[in-house]
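In what follows, a structure is listed as structure tokens, so that the remarks can point back to it.
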Amino acid sequence: MLTVQILKCQGCGANLSPNNSICEYCKSENIVKTEKDPFKLDKKLTKQYSNYYKCKAKENPTDAEAIYSLGLFYLKLKLYDLAISNFKNAITLTPDEADLYYYYALSLIKGRRIKTLTFKEIKIIEEYLNTAIQLEDKASYYYLSALIKYDYYRANGLMSNGSSYSELITEAKECYSDQDELNVLLENIITNNELLNLINNK
């Protein structure tokens, strides 16, 4: 599951701004670091942490974790060009991290309906997505690949190489599936009932 490091109050468990030293809820100063899904933070905290990681990345341009975290926050905010830039930089620093290739590919869709993309865009997305799949088996990788086969190639009457969308769905269901990661996928592309039924195997 994708996570970023944030501050948490040891006293009451509240998520804290990176600039806080005292919890506004219970006034505790026992602040600890914890791993958190960035897509579950509210918009205010998301903006605060994106600025925090932006400063960290500026201070240390080789801090791959900060750059990756910044990409995730920008993806949540649907600032796709900024997400793309940060994921691309993080790939350069840690080229063996599968999630980076996946989130880079997802960001390249820019929240659009897959069938409306250009062939050139699809080929680039597939290149990075295939790299993610080669590095690691994750359901979300296969689901995105299946959606591309179904909503780009099939919907536009084009032939495609490799596994069919149904084969990719089968492979996805054989992998460990994280519902939160699947939600992130569906929140960042335009879908209809046909595509949702494809994922849900209806």
Side-chain angles (χ1 to χ4, degrees), residues 1-6 33-41 49 53 56-57 62-78 80 82-112 114 117 121-153 160-189 191 195-196 198-201:
M1 180 59 209
L2 65 159
T3 59
V4 296
Q5 195 173 76
I6 66 165
K33 291 182 178 180
T34 185
E35 298 296 317
K36 183 77 175 179
D37 177 354
F39 289 86
K40 291 187 175 180
L41 297 178
Y49 271 95
Y53 279 109
K56 284 192 71 175
T62 62
D63 187 341
E65 184 179 346
I67 295 168
Y68 171 49
S69 298
L70 188 54
L72 291 175
F73 282 116
Y74 283 141
L75 180 59
K76 179 185 175 177
L77 292 169
K78 301 190 186 305
Y80 294 113
L82 292 172
I84 289 165
S85 176
N86 282 277
F87 289 136
K88 189 172 184 179
N89 288 341
I91 287 171
T92 301
L93 295 168
T94 52
D96 59 347
E97 185 62 48
D99 274 350
L100 287 174
Y101 293 92
Y102 168 72
Y103 285 112
Y104 182 71
L106 181 58
S107 298
L108 288 171
I109 297 172
K110 297 184 178 181
R112 296 170 288 176
I114 292 172
L117 304 182
E121 287 177 308
I122 287 293
K123 297 311 290 183
I124 294 171
I125 290 166
E126 286 186 314
E127 177 186 345
Y128 283 91
L129 186 55
N130 289 337
T131 300
I133 290 172
Q134 288 175 350
L135 290 171
E136 189 174 349
D137 283 330
K138 274 195 174 183
S140 53
Y141 303 175
Y142 288 109
Y143 280 128
L144 179 54
S145 187
L147 288 172
I148 289 171
K149 295 282 187 178
Y150 191 86
D151 199 41
Y152 182 78
Y153 290 100
S160 65
N161 298 322
S163 302
S164 67
Y165 71 84
S166 58
E167 290 170 333
L168 290 164
I169 290 291
T170 298
E171 290 195 61
K173 292 186 180 300
E174 291 174 353
C175 298
Y176 169 74
S177 182
D178 187 305
Q179 188 60 45
D180 290 332
E181 287 190 347
L182 185 55
N183 290 340
V184 171
L185 166 61
L186 296 176
E187 286 167 6
N188 283 282
I189 58 173
T191 59
L195 295 178
L196 292 175
L198 178 67
I199 290 291
N200 295 322
N201 200 25

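As the structure is a computational prediction, the values presented were derived from the model and not from experiment.
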Next on the checklist: The test is side chain to side chain contact (heavy atoms under 4.5 Å, CB included); show your working for Lys110 and Asn188 and say whether it passes.
Outcome noted: CA-CA 7 Å; Lys110 297 184 178 181; Asn188 283 282; over 6 Å; no
Next on the checklist: Is there a ring pair (Phe, Tyr, Trp, His ring centres under 6.0 Å) between Tyr165 and Tyr150? Walk through the geometry before answering.
Outcome noted: CA-CA 6 Å; Tyr165 71 84; Tyr150 191 86; 4.7 Å; yes
Next on the checklist: side chain to side chain contact (heavy atoms under 4.5 Å, CB included) for Tyr143 and Leu168? Distances and angles first, verdict last.
Outcome noted: CA-CA 7 Å; Tyr143 280 128; Leu168 290 164; over 6 Å; no
Checklist entry - Between Ile122 and Ile114, is a side chain to side chain contact (heavy atoms under 4.5 Å, CB included) present by the stated rule, with each step listed? => result CA-CA 8 Å; Ile122 287 293; Ile114 292 172; 4.0 Å; yes
Item to check | Pair Asp137-Tyr142, side chain to side chain donor-acceptor pair (under 3.5 Å): steps then yes or no | outcome: CA-CA 8 Å; Asp137 283 330; Tyr142 288 109; 2.7 Å; yes
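Using a 4.5 Å heavy-atom threshold, the side chains of Lys78 and Glu187 count as touching. Using a 4.5 Å cut-off on side-chain heavy atoms (C-beta onward), Leu70 and Lys56 make no contact. In this structure, Lys138 and Cys175 have side chains that are not in contact, with every pair of non-hydrogen atoms separated by 4.5 Å or more. Residues Val184 and Leu106 have side chains in contact (heavy-atom distance under 4.5 Å, counting atoms from C-beta outward). Residues Tyr53 and Leu72 fail the side-chain proximity criterion, which asks for heavy atoms closer than 4.5 Å. Contact of the Leu75 side chain with the Leu82 side chain is not registered, since no non-hydrogen atoms from C-beta on lie closer than 4.5 Å. Inter-residue side-chain proximity for Leu185 and Leu147 is flagged as met; some heavy-atom pair is nearer than 4.5 Å. For the pair Leu182/Ser140, no side-chain contact is recorded, criterion being any heavy-atom separation below 4.5 Å from C-beta on.
Of the possible polar contacts, none joining the Glu174 side chain to the Glu171 backbone as a donor-acceptor pair under 3.5 Å is found.
To the nearest 0.5 Å, atoms CG (Leu93) and CD (Glu65) are separated by 12.5 Å. With rounding to the nearest 0.5 Å, the separation of OG in Ser85 from OH in Tyr74 is 9.0 Å. Rounding to the nearest 0.5 Å places OH of Tyr103 at 11.0 Å from CG of Leu144. Rounded to the nearest 0.5 angstrom, Asn161 CG and Lys149 NZ are separated by 6.5 Å. For the atom pair CD (Glu97) and CG (Leu135), the distance works out to 8.5 Å, reported to the nearest 0.5 Å. Distance check, rounded to the nearest 0.5 Å: CD1 of Ile125 to CG of Leu108 gives 5.5 Å.
Under the 3.5 Å distance criterion, with hydrogens and angles disregarded, a donor-acceptor pair is assigned to the side chains of Asp99 and Tyr141. Tyr101 and Asn130 share no side-chain donor-acceptor pair at under 3.5 Å. For the residue pair Asn89 / Tyr68, no side-chain donor-acceptor distance below 3.5 Å is found, with atom types taken as modelled.
Between Phe87 and Ser107 the shortest heavy-atom distance is CE1-OG, 3.3 Å. The minimum heavy-atom distance between Tyr102 and Glu181, with the atom names listed, is OH-O, 4.5 Å. Minimum interatomic distance between Ala172 and Ala139 (heavy atoms only, all atoms of both residues): O-CB, 3.5 Å. Of all the heavy atoms in Ala64 and Ala90, the pair that sits closest is O-CB, 4.4 Å. Considering all non-hydrogen atoms of both residues, Ala57 and Ala66 come closest at N-CB, 4.2 Å.
Residue Leu117 forms a side chain to side chain contact (heavy atoms under 4.5 Å, CB included) with just one option from Ile109, Ile124, Ile148, and that option is Ile109.
A salt bridge links Glu121 and Arg112; the closest N-O separation between the charged side-chain nitrogens and carboxylate oxygens is under 4.0 Å.
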